Amino acid sequence: MSNPVRVRIAPSPTGDPHVGTAYIALFNQAFARQNGGRFILRIEDTDQARSKPEYEQGIYKALRWVGLSWDEGPDVGGECGPYRQSERLSIYKDHAEILLEKGSAYPCFCTPETLTELRQSQEKAGKDPRYDGRCRDIDLKDARARIANGEKAVVRLKVPREGSTLFHDEIRGDITLQNQDIDDQVIVKSDGFPTYHLANVVDDHLMGITHVIRGGDWIISTPKHILLYNAFGWEAPSFSHLPLLLNPDKSKISKRKSPTSLTWYEEKGILPEALLNFLGLLGYSMEDGTEIFDFQTMAKTFDVSRIKGANSVFDITKLEWLNGMYLRELGTKELAEKIKNFGVSYPDDATLEAAVPLIQERIKYLSDVEERLGFFFRDRELQYEATDLLPKKKKDPVEVGKVLEAFRVRLEAFTGEMIPADVEALCVAQAEEMEWKKGDFFMALRIAVTGSKVTPPLCESMEILGRDTVLQRLAVAVEKLKSFVPTQ
RNA sequence: GGCCCCUUCGUCUAGCUAGGUCCAGGACAUCGGAUUUUCGAUCCGACAACGCGGGUUCAAAUCCCGCAGGGGUCACCA
């Protein structure tokens, strides 16, 4: 009879919402869903100096944006609340007291200055910096008296001097640390706030967390947590440490070297589904090799034993490809809707929907849309020079002007609908009449009509622009060539 | 530096638990070709890896040992 699965993420609201948080959250939620368990969000805001309410809001918003959701948390409630550590201070205080009484922890009166001194002298002597335990044996009664007297103190965990502590990592197997290599960790700061270690263990236990799935940077701390569980007489949860996300230079991911803020991805126009899919590919793989999958699929087949122990370089390149794949799978209306919501300026609904199929396979991000769409409705964006109108092998402005003018006349005389195939026939006929290569003609026309060398298919674009606009732009181009005087 | 973890193409990875089917498979990127009015998309193809050294074995990417390299961690931050 095992307990119902309960997992959690425990972000600190100390900065922009981090991809790493989404990464860890994804695996936790997948595990919870697969096991019919609960996924909890707990805010670890015990760092008074760095925690800010707006960062907390940012976490909720960004996580929801990528499509994650939790069953319990500060914003959605639950039976094990409060879910914000700053609101659980008395709980930690009580538990620290238990440890004190049991003799598993002790008050320490050393000031930051003496600790720094200690560390420096140890380093000078070539020894590992470690608290020397000078407050370890102060009688608890005496210590309490000193504290009552107004002396500042922290609480330290009394780590055994001998022996070793072992824990089982579901991904890497057994990991053992010698106790002598574990410091007497501070578990309550002098401001009365608990440190991560205490708060984390107490909360995980009180909230019934059965599986801790967190980043690999916590491996070294885990023995301390085991010691804490032991001191309380609690059963420890199972531990899985996910691969660390790395910068391209293989260092731990950082905002200096990689885009770490989830907001960045949103503003870039990355689809949340693509981001989530990409994260699911880091350190993890589906048994059948599928690389494009949604959360449901991942959750259905999720298997912790398929997670790698090695760290993963976080390389956006594959995400760009994935985003393109997701973008291309969208229906016209769907994409148009996303483009509108993304906030780019567009001419009008009808034009946008007509243009979407033309740009859909040409964009990597939603943020690419703005410039792709410009020429459809903004003449002022046609900022090309007369020389741009000259195809590679046709350097004579007079001839080019003649061709464009001839085409303008031809198009003006054409009374049918602007069906792409028909317009193309006009173009081809024009090129042939002047004995131009098709490519040269289309390029000159392309610049005249769109102002750019890189555009969606020309005839389809002209259909959307409408005959009048095209004629007008052709006239402008012809004028431009007339007044153009070659410099050599 | 101590301790801990990790090590398959440039990158993400499959294979490793139960050694032979792997002169190592897929994907992205790159390069080339096809298609083509540009770009893109698409299709085809190419390049490219078991860190090194010892063992064990008829046989090792897979097991063992050593080394090297990388990363993490050594806070009253999480």
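Predicted, not measured: the structure shown is a model, and the values here were computed from it. Each chain gets a letter, A, B and so on, in the order its sequence line appears, and its residues count up from 1.
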Could you tell me which residues satisfy side chain to side chain donor-acceptor pair (under 3.5 Å) with A/Glu287, sequence neighbours excluded, listed by chain and number? none
Restricting both atoms to N or O, compile the protein contacts to nucleotides 41-43 of chain B shorter than 3.5 Å, with distance only.
{"residue": "B/rA41", "atom": "O3'", "partner": "A/Arg328", "partner atom": "NH1", "Å": "3.3"}
{"residue": "B/rU42", "atom": "OP1", "partner": "A/Arg328", "partner atom": "NH1", "Å": "3.3"}

Run the side chain to side chain donor-acceptor pair (under 3.5 Å) test against A/Thr297 and tell me which residues pass, sequence neighbours left out. A/Asp294
All salt bridge (charged side-chain N to carboxylate O under 4.0 Å, His left out) counterparts of A/Glu273, not counting sequence neighbours: none
ring-ring contact (aromatic ring centres under 6.0 Å, His included) involving A/Tyr23 - partner list, sequence neighbours excluded: A/Phe27
A/Glu460: which residues meet the salt bridge (charged side-chain N to carboxylate O under 4.0 Å, His left out) condition with it, sequence neighbours left out? none
Hits for side-chain contact (heavy atoms from CB on, under 4.5 Å) against A/Gln180, two or more places apart or cross-chain, chain-then-number order -> A/Gln178
Sorted by chain and number, sequence neighbours left out, side-chain contact (heavy atoms from CB on, under 4.5 Å) with A/Arg144 holds for A/Glu97, A/Leu100, A/Glu101, A/Leu140
Considering only nitrogen or oxygen atoms on both sides, find all protein atoms under 3.5 Å from nucleotides 15-17 of chain B and state each distance.
{"residue": "B/rG15", "atom": "OP1", "partner": "A/Arg306", "partner atom": "NH1", "Å": "3.2"}

Base contacts versus sugar-phosphate-only contacts with protein, heavy atoms under 4.0 Å: please encode nucleotides 31-36 of chain B as B, S and - from 5' to 3'. ------
What string of B, S and - do you get for nucleotides 73-78 of chain B, 5' to 3', when a contact is any protein heavy atom under 4.0 Å? SSSBBB
May I ask you to list the residues of residues 454-465 of chain A, by number, that have any heavy atom positioned under 4.0 Å from an atom of RNA chain B? A/Val454, A/Thr455, A/Pro456, A/Pro457, A/Leu458
